[in-house]
Amino acid sequence: MRIEPALMACSGGIPQLSHRLIDSLAFRFTAKAFRAFPKALTTSFPVRSTQQAFHKVLTCASDDDVFTWDDVVRISKPETLSDGPSDLRGYWEKIKICNRRLESQSEFLSFVIEDQIVGYVHKGFAENLRSFKDVFTFPPENSNSNGSSITLHSSLSTAEDRTRAVGDVIKSLGEEHIPGIRNELYPVTSSFGAPIFFSLERAAAPYFGIKAYGVQMNGYVEKDGKKFLWIGKRSQQKTTYPGMLDQLVAGGLPHGVACGDNVVKECEEEAGIPSSMSSVAIPVGAVSYMDIDGYRFKRDVLFCYDLKLPESFTPKNQDGEVESFKLIPVTDVASIIRRTQFFKSNCSLVIIDFLFRHGYFEFYYQNSYI
């Protein structure tokens, strides 16, 4: 994985082999849109006859589909399906899901500020911006150049002016064009740690194709020589990925907040983890992906942390965004990722990275029946 010095500083400066593998594989695949309940399980293995009823539950796909912790536990067990953990196809599919339609990048205009490419705007979405002539500057309509780009009006020379002007445009476009507005700002830069050109509404980030950064923390416990991961189940009231499985702690990286500080804040809000525990979370690297979905171009970088928690600790959500938590053996979590789409898509990448770093794939190979 390409980790810049400033990016390494935030993630602890530990580029992992697993990151390079995930990043390189991600660019080789494309995938169709998905739901938590796919029309078929993510692996092609046959379901044992004794599990046909459960298979039917998993394969009914409608917008109202929900699953319970009981479903999660059952699908994680070795006897549920006849697959083996050494088969990696289920993991590759999760990488594909986060890296769709990369062959469609030609449909986007470069978003340029001060001669630096800071993002990409789909030509279709750009039509919504043309009427804001005092904010955006477009290439001549008769331009056939492959290097066509969109930029901000030359009168917007300061970060404050740009933030205000683009913010007014987003408010004008509203939920019809940019759903899920959060009134939370993300910095717009050419790379992590570079000067900030302006700040952009978080919900608008993929519509302008800017790089967005976040933190994801694996909270794990060791008992009797085995590792367990605390997994959260998102609230059904969440506007994005309601009811799906998630990291113990995760969150976007807002403007002006350091990675470590953000981890401590999110730990308290999402899991009730006191700063005396969360402050020793270990930065272990970063996972990145690029995904095109219609007018949205997500270019996300997730700074990953591990935190070993005491057996006596039980997380308690404080902000209403998590329905419940469950402590699950790491090997069972791996099966859930391999067999289903129960996890929020980018969380699967972070846990696959955890499996690499903690030696689970090496274990699978050593104990493979193939």
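All values below come from the heavy atoms of this structure, side chains included, with hydrogens, waters and symmetry mates left out.
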| Run the ring pair (Phe, Tyr, Trp, His ring centres under 6.0 Å) check on Phe303 and Phe192 step by step: do they pass? | CA-CA 11 Å; Phe303 298 112; Phe192 188 80; 5.0 Å; yes
- prompt: Linking I/L/V/M/F/W/Y whenever their side-chain heavy atoms sit closer than 4.5 Å, directly or via other members, would Phe361 and Phe343 fall into one cluster?
  reply: yes
In this structure, OG of Ser348 is separated from CE of Met244 (nearest 0.5 Å) by 7.5 Å
Is there a side-chain contact between Leu173 and Phe132, using heavy atoms and a 4.5 Å cut-off? yes
Distance col, row Ile117:CD1 vs Ile210:CD1, nearest 0.5 angstrom, shows 14.5 Å
Glu184 meets the salt bridge (charged side-chain N to carboxylate O under 4.0 Å, His left out) criterion, sequence neighbours left out, with Arg202
Handout entry: Asp293 vs Arg100, salt bridge (charged side-chain N to carboxylate O under 4.0 Å, His left out): CA-CA, chis, key distance, verdict
Key = CA-CA 7 Å; Asp293 179 17; Arg100 298 170 295 176; 3.8 Å; yes
dist Lys94:NZ -> Arg338:CZ (nearest 0.5 Å) comes out at 9.5 Å
Test side-chain contact (heavy atoms from CB on, under 4.5 Å) on Asp291 and Cys98; report intermediate values, then the result. CA-CA 6 Å; Asp291 181 66; Cys98 287; 5.6 Å; no
Is the closest side-chain donor-acceptor distance between Tyr220 and Asp306 under 3.5 Å? no
Does Lys326 use its side chain to pair, donor to acceptor, with the backbone of Ile231 at less than 3.5 Å?
no
The ring-ring contact (aromatic ring centres under 6.0 Å, His included) partner of His122 among Phe111, Phe297, Tyr295, Tyr207 is Tyr295
dist Ile282:CD1 -> Leu307:CG (nearest 0.5 Å) comes out at 8.0 Å
What one should report as the nearest heavy-atom pair of Ile97 and Ser345 is CG2-CB, 3.9 Å
In sequence, state the C-alpha distance, the side-chain angles, and the governing distance for Leu200 and Ile170, and then conclude on side-chain contact (heavy atoms from CB on, under 4.5 Å). CA-CA 9 Å; Leu200 178 69; Ile170 291 168; 3.4 Å; yes
- Message: Could you tell me if the side chain of Tyr289 sits less than 4.5 Å from the side chain of Ile95, heavy atoms only?
- Response: no
Here the pair of heavy atoms bringing Val135 nearest to Leu156 is O-CD1, 3.8 Å
Taking side chain as C-beta onward, heavy atoms only, is Trp69 less than 4.5 Å from Ile328?
yes
Does a salt bridge link Lys77 with Asp332, judged by any charged N lying under 4.0 Å from a carboxylate O? yes
* To do: Evaluate the ring planes of Phe125 and Phe208, with Trp represented by its six-membered ring, and classify them as parallel (under 30°), tilted (30 to 60°) or perpendicular (over 60°).
  => perpendicular
query: Yes or no on side-chain contact (heavy atoms from CB on, under 4.5 Å) for Cys259 and Tyr305, after CA distance, side-chain angles and deciding distance?
result: CA-CA 10 Å; Cys259 292; Tyr305 288 74; 3.3 Å; yes
Q) Any Lys/Arg nitrogen of Arg234 or Asp246 sitting under 4.0 Å from an Asp/Glu carboxylate oxygen of the other? A) yes
Please report, to 0.1 Å, the donor-acceptor pairs under 3.5 Å made by any side chain of residues 261-277, with sequence neighbours excluded.
| residue | atom | partner | partner atom | Å |
| --- | --- | --- | --- | --- |
| Asn262 | ND2 | Gly252 | O | 2.8 |
| Glu270 | OE1 | Ala250 | N | 3.1 |

task = Check the hydrophobic clustering (I, L, V, M, F, W, Y; side-chain heavy atoms under 4.5 Å; chains of links allowed) and say if Val121 and Phe108 are grouped together.
result = no
Looking only at heavy atoms, the pair that brings Pro310 and Val221 closest together is O-CG2, 4.2 Å
- prompt: Is there a side-chain contact between Gln247 and Met217, using heavy atoms and a 4.5 Å cut-off?
  reply: no
- Message: I'd like to know whether the aromatic ring centres of Phe356 and Tyr91 sit less than 6.0 Å apart in this structure.
- Response: no
Q | Side chain proximity check, Asn218 to Leu248, heavy atoms < 4.5 angstrom | A | no
Would you check if Ile351 and Val333 make a side-chain contact, meaning some heavy-atom pair closer than 4.5 Å? yes
Notebook entry, point to check: Within the side chain of Glu201, is there an N or O that forms a donor-acceptor pair under 3.5 Å with the backbone of Asn183?
Noted result: yes
Val73 and Ser76 have their tightest heavy-atom pair at O-OG, 2.6 Å
Practice problem: Go through the steps to decide whether Phe354 and Val284 satisfy the test side-chain contact (heavy atoms from CB on, under 4.5 Å), and finish with yes or no. | Solution: CA-CA 9 Å; Phe354 180 91; Val284 293; over 6 Å; no
Should Val112 and Ile196 be regarded as members of a common hydrophobic cluster, given that ILVMFWY residues are connected when their side-chain heavy atoms come within less than 4.5 Å of each other, either directly or indirectly? no
| said: Please check if the number of heavy atoms outside Glu127 that lie under 6.0 Å from its CD is greater than 12. | reply: yes
Is it possible for you to say whether Val118 and Leu185 belong to one hydrophobic cluster, with membership spreading through side-chain heavy-atom contacts below 4.5 Å?
no
field: Side-chain touch Thr137/Ser154, heavy atoms, less than 4.5 angstrom
entry: no
Output for pair (Asn346 CG, Lys344 NZ), nearest 0.5 Å, gives 3.5 Å
For Pro179 and Ala203 the tightest heavy-atom approach is O-CB, 3.7 Å
Here the pair of heavy atoms bringing Tyr213 nearest to Ser191 is OH-C, 3.7 Å
When rounded to the nearest 0.5 Å, the distance separating OH of Tyr120 from CD of Gln105 is 7.0 Å
In short, side-chain hydrogen bond (donor to acceptor under 3.5 Å, both in side chains) pairs touching residues 155-176 with sequence neighbours left out are Glu114-Arg162, His153-Ser155, Thr158-Asp161
Report task. Treating Ile, Leu, Val, Met, Phe, Trp and Tyr as nodes and any side-chain heavy-atom pair under 4.5 angstrom as an edge, say whether Val257 and Phe198 lie in one connected cluster. Result -> no
